[in-house]
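Working notes, beginning with the structure itself.
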Amino acid sequence: MTDANSGQMGAGQTDSGQIDNVLIEDRLFLPPAEFTKKAVFSTQQQYEEMYERAKNEPDGFWKEEAEEHLHWFEPFGEVCQWNARHVQWFVGGKTNASYNCLDRNIDAGRGDRTAIIWEGEPGDERTLTYNELRHEVCKCAAGLKQLGVSAGDVVSIYMPMTPELAIAMLACARIGAIHSVIFAGFSAESIADRNNDANAKLMITADGLYRRGKVLPLKQTVDEALAKSPTVEHCLVLRRVNDESVSMTEPRDVWWHDVVDPQSGELAATPLDSEAPLFILYTSGSTGKPKGILHTTAGYNLWAKRTFEWVFDHRDDDIYWCTADCGWITGHSYIVYGPLSAGATCLMYEGAPNYPAEDRFWDLVEKHKVTILYTAPTAVRAFIKWGDQHVDKHDLSSLRLLGSVGEGINPEAWMWYHKKIGAERCPIVDTWWQTETGGIMMSPLPGITATKPGSCTRPLPGVVPIIVDETGSEVHDHHGGMLCIDKPWPGMLRGIWGDEQRFIQQYWASVPGKYLTGDNARRDKDGYYWIMGRIDDVINVSGHRLSTIEVESALVSHEAVCEAAVVGRPDELKGQAIAAFVSVRDREPNDELRQELLMHVRKQIGALAQPDDLRFTATLPKTRSGKIMRRLLRDIASGKEIAGDTSTLEDLSVLAKLREEES
Ligand code: WTA
């Protein structure tokens with residue numbers, strides 16, 4: 001790649017009502033010619049034409065896409081029925097997501113291809129071809145039927161990252177049951193809330209899971225949850241850690257090896273309506289109880305498949321690794337439904353990135369010759385903190401493409417990823433999307449897009465973003481505002497489970513007729529988008545509206561800083577003051593460093609962005625999916641008691657520590 005410019009940041013302009021853009025990043029990296037030659041998108045024109053067609057002639061475009069990329073038991077009629085917030089795609093058609101992931105590949109002669117290469121945390125390994133995976137999925141689907149599950153029933157899945165997790169999801173899809181995967185780190189209370197909200201009929205879990213060499217007793221947590229989940233009739237339990245002490249309550253609890261293993265490996269996929277619910281996935285709002293985001297069959301499946309193929313430039317010989325857990329949308333779309341529909345070979349890993357040592361990921365990449373790696377900024381920041389020596393031990397030359405998802409990636413973390421992991425050879429796709437969008441919405445296309453560190457660049461075909469101010473009017477380039485999506489796309493959410501009012505209020509009330517993402521963004525002169533954080537995260541200092549990520553990126557660009565979180569706290573004089581929480585490496589966290597960092601931000605952005613408070617902290621509070629919880633930090637910064645839902649917080653002890661560290 002070519003480093004066309006060096007990084008530079010400068011003071012931005014101000015304009016009332018809009019968010020000021022203070023960080024200017026103008027490094028540009030061109031895709032290597034070798035990569036472009038073989039890429040799925042190899043010319044800019046190809047993208048422009050497809051984008052324009054999808055925008056101007058969506059019905060024709062998506063009709064062809066759906067016919068070519070999904071199996072139809074019965075053809076659909078109308079392509080898209082849209083009435084301002086409710087959408088139906090491929091109306092009246094019948095398909096099945098499990099069929100599309102398995103049978104469709106097998107029918108095409110790809111049954112002996114490896115679908116999943118799995119490695120457990122203790123180092124045990126398994127591979128499953130598409131034939132073998134279908135066999136297991138059919139057995140599990142038959143087992144679910146035996147337990148009384150039928151189309152439209154909700155099945156909660158609380159499992160370790162074993163192949164059986166993907167198998168259970170696909171088994172539900174095969175018979176039209178709706179899965180609700182609950183990340184296997186949530187508490188009994190959170191599981192029960194989700195079971196009750198969804199009226200779950202069955203739970204699938206395991207005796208335990210391995211995490212950093214220890215066993216976490218999953219079944220025990222589930223038992224506690226089931227005591228408060230009256231709708232759950234049975235609990236299907238996989239033996240993973242051979243915990244003999246697991247208690248099984250008969251007749252409610254049954255073993256996977258008793259119910260699933262004896263079944264036949266053949267079970268035809270049920271033809272399901274395009275709009276049949278495929279899954280619910282709970283995601284927390286900034287306040288209130290978690291919401292069950294609903295995705296349906298055909299549109300979601302098509303979106304996951306096509307975005308996977310476009311963004312990851314998938315080829316037959318790729319070994320693709322998405323490091324997410326299936327408990328998050330990234331695991332749903334880019335471990336299961338997208339890559340498997342595309343016939344990809346996926347690596348799946350069960351455990352922690354730092355077990356038995358901090359080089360576990362690089363060991364996996366080297367051993368399995370991973371070509372595409374998709375991970376999160378929180379992981380990249382951890383790798384930087386742990387030190388380059390762990391990376392240097394391994395041969396990463398198999399890698400050809402890197403991806404990032406979940407949060408904005410600070411330009412300096414992007415540069416480290418680019419240099420240290422990608423050896424300046426691999427394009428980076430910074431993919432912006434949400435649980436609600438079902439799949440990637442904005443991302444570089446690795447063969448053609450010149451990337452800028454920190455920007456998710458441009459929308460994919462079918463995505464029409466618009467940035468508006470509080471009155472709903474479109475803002476000019478360079479000015480931040482609320483990011484909305486103007487037209488329906490196949491992968492969009494269909495609702496919040498059982499809560500139509502919240503669905504309307506959250507996504508459709510502020511800007512009529514447009515989907516409100518909840519993120520702020522700006523577009524630059526090249527039409528590139530820069531996500532500026534959640535709408536709630538804007539700080540208003542003396543009438544300047546700043547986005548937290550820009551101040552954070554300025555802090556992270558200092559060599560001593562690993563991670564930074566910036567929030568606003570009330571200030572009588574300025575409206576809001578800027579509070580920064582910073583974790584450092586290789587330096588004493590003392591007053592001298594504090595002054596140095598404050599000056600650094602001043603130099604990078606300007607005096608208006610200089611934090612008023614700067615606290616050092618060993619760790620930052622994060623959601624279980626790795627996002628920094630700015631909401632909690634806001635409460636700490638303003639000396640308030642912690643408010644709101646903390647069910648997604650990874651480590652509550654972090655909060656206690658931050659309190660102690662307050663000076
Ligand atoms: C944030 C994850 C900046 C954003 C797939 C979004 C990002 C929320 C990016 C959705 C990115 C995700 N750059 N911000 N590349 N990707 N986000 O539902 O605030 O867990 O609204 O879906 O994460 O998080 P979710």
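Worth saying up front: this structure is predicted, and the values here are computed from it rather than measured. In each ligand, atom 1 is the first atom listed, and ligand 1 is the first ligand listed. Residue indices begin at 1 and follow the sequence shown.
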Please collect all ring-ring contact (aromatic ring centres under 6.0 Å, His included) contacts where either partner lies in residues 420-458, sequence neighbours excluded, each pair once. Tyr334-Trp433

Any cation-pi pair here, Lys420 with Phe383, using under 6.0 Å and within 45°? no

Going from CH2 on Trp310 to CE on Met50, what distance comes out if it is rounded to the nearest 0.5 angstrom? 4.5 Å

Charged N to carboxylate O under 4.0 angstrom, Glu407 versus Lys622? no

Under a 4.0 Å threshold between the charged nitrogen and the carboxylate oxygen, would Asp318 count as salt-bridged to Arg400? yes

Could you go through ligand 1 and list every pair where one of its N or O atoms sits under 3.5 Å from a protein N or O, giving the atom names and the distance to one decimal?
unit_1	atom_1	unit_2	atom_2	d
ligand 1	13 (N)	Glu407	O	3.4
ligand 1	14 (N)	Gly408	N	3.4
ligand 1	15 (N)	Asp430	OD1	2.7
ligand 1	15 (N)	Thr431	O	2.7
ligand 1	16 (N)	Gly406	N	3.2
ligand 1	17 (N)	Gly406	O	3.4
ligand 1	18 (O)	Thr435	N	2.8
ligand 1	18 (O)	Thr435	OG1	2.6
ligand 1	19 (O)	Asp519	OD1	2.8
ligand 1	19 (O)	Asp519	OD2	3.2
ligand 1	20 (O)	Lys627	NZ	3.1
ligand 1	21 (O)	Gln434	NE2	3.0
ligand 1	21 (O)	Asp519	OD1	3.1
ligand 1	21 (O)	Asp519	OD2	2.7
ligand 1	21 (O)	Arg534	NH1	2.9
ligand 1	22 (O)	Thr435	N	3.4
ligand 1	23 (O)	Gly406	O	3.1
ligand 1	23 (O)	Lys627	NZ	3.2
ligand 1	24 (O)	Lys627	NZ	3.0

Between Asp524 and Trp530, is a side chain to side chain donor-acceptor pair (under 3.5 Å) present by the stated rule, with each step listed? CA-CA 8 Å; Asp524 70 15; Trp530 298 76; 3.1 Å; yes

